[in-house]
Protein chains: 2
Amino acid sequence: MESQTPVGRKITLNDIAAGCGVSRATVSLVLRGSPLVNKVTRARVEEELRKQGYVYNRAAANLRRRTSSSVALVINELANPFFAEFAAGVDETLGTAGFVTLLGSTGDSAEREHAVLGSLIEHGPGGIILSPAEDSEARKVLAAVGTHTPVVLFNRELGGELPEYAHWDRLMLDNERGARQATEHLIAQGHRRIAFFGGHDHASSTRQRHAGYLQAMQAAGLTVEPQWRVQSTPTRTDAARSAGALFEGSGTAPTAAVCYNDAVALGLMLGLHQHGRQAGRDFAVTGFDDIAEASMSMPSLTTLSTAPRARGRQAAEMLLARLRDPQAPSGTIIAPVELVVRESSCPLS
Amino acid sequence: MESQTPVGRKITLNDIAAGCGVSRATVSLVLRGSPLVNKVTRARVEEELRKQGYVYNRAAANLRRRTSSSVALVINELANPFFAEFAAGVDETLGTAGFVTLLGSTGDSAEREHAVLGSLIEHGPGGIILSPAEDSEARKVLAAVGTHTPVVLFNRELGGELPEYAHWDRLMLDNERGARQATEHLIAQGHRRIAFFGGHDHASSTRQRHAGYLQAMQAAGLTVEPQWRVQSTPTRTDAARSAGALFEGSGTAPTAAVCYNDAVALGLMLGLHQHGRQAGRDFAVTGFDDIAEASMSMPSLTTLSTAPRARGRQAAEMLLARLRDPQAPSGTIIAPVELVVRESSCPLS
DNA sequence: AGGCGAAATTAGAACGATTCAAATCTATTA
DNA sequence: TAATAGATTTGAATCGTTCTAATTTCGCCT
């Protein structure tokens, strides 16, 4: 075996060329599998590549060819399993397409998002997949990424107006229909007094889900009492704290609730306890997202599956398509969500 | 306001230089904040940079300076919240140090790991943080990354021998002690028939945890039945599927289980249901990792806190230190873990 | 032998930045 | 006024690859 020297300079095309008495250009052709080069030369070069332990310098190649082999993935909260799954899906698809993923995590801060985008863009990604921070604004994002790099937005809309020349693609979830399905399911279970619980109405996703809920209620000819809308931070703890609001006042108490998402639903189930009700027995609950925990809670949670890993793959596909054809009209995909019925959405007792 | 042209070529130093009648070299100096350049020239150049919307091409700079501004992060299972947190920590620290994270996810397959490393290395990362796949081998990893790129291993040892010239750093968890503590806790709760559940014995982390478990059992003078060792893929679903194996055969069934990690523990709790047991009431369970979900599951999970985000920051620090001083002797850090007692480790009933 | 087309190879200029040595420009001072 | 030190600026080479256009090599035919 050759002396795989543990230390030394990096090997370049020149080293290989010199090593087997051929020109740099020829070696380059061999590397890229060109049919131009003679069988025996190719063998000789390949042997030398192996022997010297050559590793391709893609950055140099990209510079020369004015291409890119990377895509930036900017996630508002990587620690959230929903987004981690999404990221895994993105990376999987990009990887098989020969792209490498530049990761950026913003901790849901628009300021940090701006810095992260600014840093990533300098590495010349071919495109960007962005799941915006809660308070992210179109104008600032555009300033950071410029107009040369295609963007796929995931999950959230940006605040403010985006100039019409920046035609970015979007991948959103079908919030409206999902919430409608959940509501229809509860109605089919016999419930008539159904609340919409959690989230803040200034967020686009919350508004969409609430709208779906209202549609289903109206379609069924059911009236909605004002105290059946309880807002909360989309976290488990705040949801648990806010549960009591459903049962205050003189109006009729609801027997079921469509929740903004799974975290809120799990929190509500916890909070119901303190108000003498038990989710899945005398109060029905639905969530949104189908996080891993949803299937494991007690009772298990009826929710809307969003298949985050598949969404990741899809977002990557959208970006790859855009790179293939930069002129194609930009589009928005609303990914369907699927109702998963479990124990928490019990019939009206 | 200047016409922020929505489309056009990419702006280079040449454009800026031409744009304000100065040489490329001067613009470069301005960019890097050199004190050499005259105040008024600097202002003129900066104005031009802004006006033309220049974006720095770090790849070109890296090529010329023979430097790198990226670090590869290769994770065996990104969808696992433990690793997602770890990744977030790594990215956070690398980001503030001016590095960008190249992400790679291997799905715990050594084969895919090899491919991913091969692809990432071509992008010339300054270093690699690797959480190896279960069956990853030192020899193959070394072949993929070469000897020019420093590596920090996280969480698992590689199979086989690593040549002595490859001095890689390590960040490991105190698996043995953690599992011992969990086991001792269960014994203190009155349990005598305790299983070790999940993971595959060919992975170093599994072996270490299993060893800690055995130590505690032996120290307490307890015997261990062979069917109390159930292996599984370290995922929730496979764990749920394998739960039944604990209760098969003619031997005495265990009343508690030390699990390889939280994902497996959560899966086991699910699987227990289908075998007529309920975790936290008539069967005690412990996990490992303390993922966010552990505190929120029903019952909440007794586990070993590993502070994955802090580990991520630490791994990044180790790599940065290594980049600062490539000659420093390589080291291994064994991070302590802390037992967090919650509901799942109920006393023997 | 010479000629010819096809096949194989290569020289050298890019790509967009950095860097060093050298050139130019300002003040100052003798 | 010329010389000189210091402050600025710049020309040209370079990083490792690709690519075009040109050149060399080769087999084959007359």
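Atom set for the values below is all heavy atoms of this structure, side chains included, hydrogens, waters and symmetry mates excluded. By convention in this document, chain letters (A, B, ...) are assigned in the order of the sequence lines, proteins followed by strands, and residues within each chain are numbered from 1.
For Arg44(B) and dT9(D), the CZ to C1' distance is 11 Å, given to the nearest whole Å. Following rounding to the nearest Å, Leu36(B) (CG) and dT26(C) (P) show an atom-to-atom distance of 17 Å. Put simply, CG on Asn62(B) is 12 Å from P on dG16(D), counting in whole angstrom units. Per the geometry, CG belonging to Leu63(B) stands 9 Å off P belonging to dC15(D), to the nearest Å. Distance Lys10(B) NZ to dA14(C) P: 20 Å, rounded to the nearest Å. Counting to the nearest Å, the P atom of dT9(C) and the CG atom of Leu13(A) are 16 Å from each other. Straight-line distance from the CZ atom of Arg42(B) to the P atom of dA7(D): 15 Å, rounded to whole Å. Rounding to whole angstrom units, CD1 of residue Ile121(B) and C1' of dG16(D) are separated by 16 Å.
Nucleic acid contact class of Arg58(B) (heavy atoms, under 4.0 Å, all strands): none. Note on Ala61(B): only backbone sugar-phosphate atoms sit closer than 4.0 angstrom, heavy atoms only; bases stay farther off.
In the set dT9(C), dT10(C), dT8(D), the nucleotide with an atom closest to the side chain of Asn38(A) is dT9(C). For Thr12(A), taking side-chain heavy atoms from C-beta onward, the closest of the listed nucleotides dG16(C), dC19(D), dT17(D) is dT17(D). The side chain of Tyr56(B) approaches dA17(C) more closely than any other nucleotide in the set dG11(D), dT9(D), dA17(C).
The shortest distance between side-chain heavy atoms of His167(A) and Arg322(A) falls below 4.5 Å. Counting only heavy atoms from C-beta outward, the side chains of Leu31(B) and Tyr54(B) approach each other to under 4.5 Å. Side-chain contact check for Val116(A) versus Ser105(A): every heavy-atom pair is 4.5 Å or farther apart.
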All N/O pairs under 3.5 Å across the protein-nucleotides 23-25 of chain C interface:
none

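Between Arg139(B) and Glu161(B) there is no salt bridge, since no side-chain nitrogen of the basic residue lies less than 4.0 Å from a carboxylate oxygen of the acidic one.
Nearest-nucleotide mapping onto DNA chain D: of Pro35(B) and Arg64(B), the residue sitting toward the 5' end is Pro35(B). Residues Ala60(B) and Ser23(B) both approach DNA chain D. Their nearest nucleotides, taken by heavy-atom distance, put Ser23(B) toward the 5′ side.
One finds a side-chain N or O of Thr26(A) lying less than 4.0 angstrom from the OP1 or OP2 phosphate oxygen of dT10(C). Between dT19(C) and Arg65(B), a contact under 4.0 Å exists linking OP1 or OP2 to a side-chain N or O. Within the 4.0 Å cut-off from OP1 or OP2 of dA17(C), not a single side-chain nitrogen or oxygen of Arg32(B) is found. Taking side-chain N and O atoms only, Ser28(A) has no distance below 4.0 Å to OP1 or OP2 of dT17(D).
Judged purely by atom type and a 3.5 angstrom limit, Ser23(B) uses its side chain to pair as donor or acceptor with the backbone of Ala25(B).
Residue Trp168(A) forms a side-chain contact (heavy atoms from CB on, under 4.5 Å) with just one option from Leu142(A), Thr149(A), Val152(A), and that option is Leu142(A).
Not a single ring pair (Phe, Tyr, Trp, His ring centres under 6.0 Å) links Phe82(B) to another residue, sequence neighbours left out. Remark: Phe83(B) engages no residue in a ring pair (Phe, Tyr, Trp, His ring centres under 6.0 Å) (not counting sequence neighbours).
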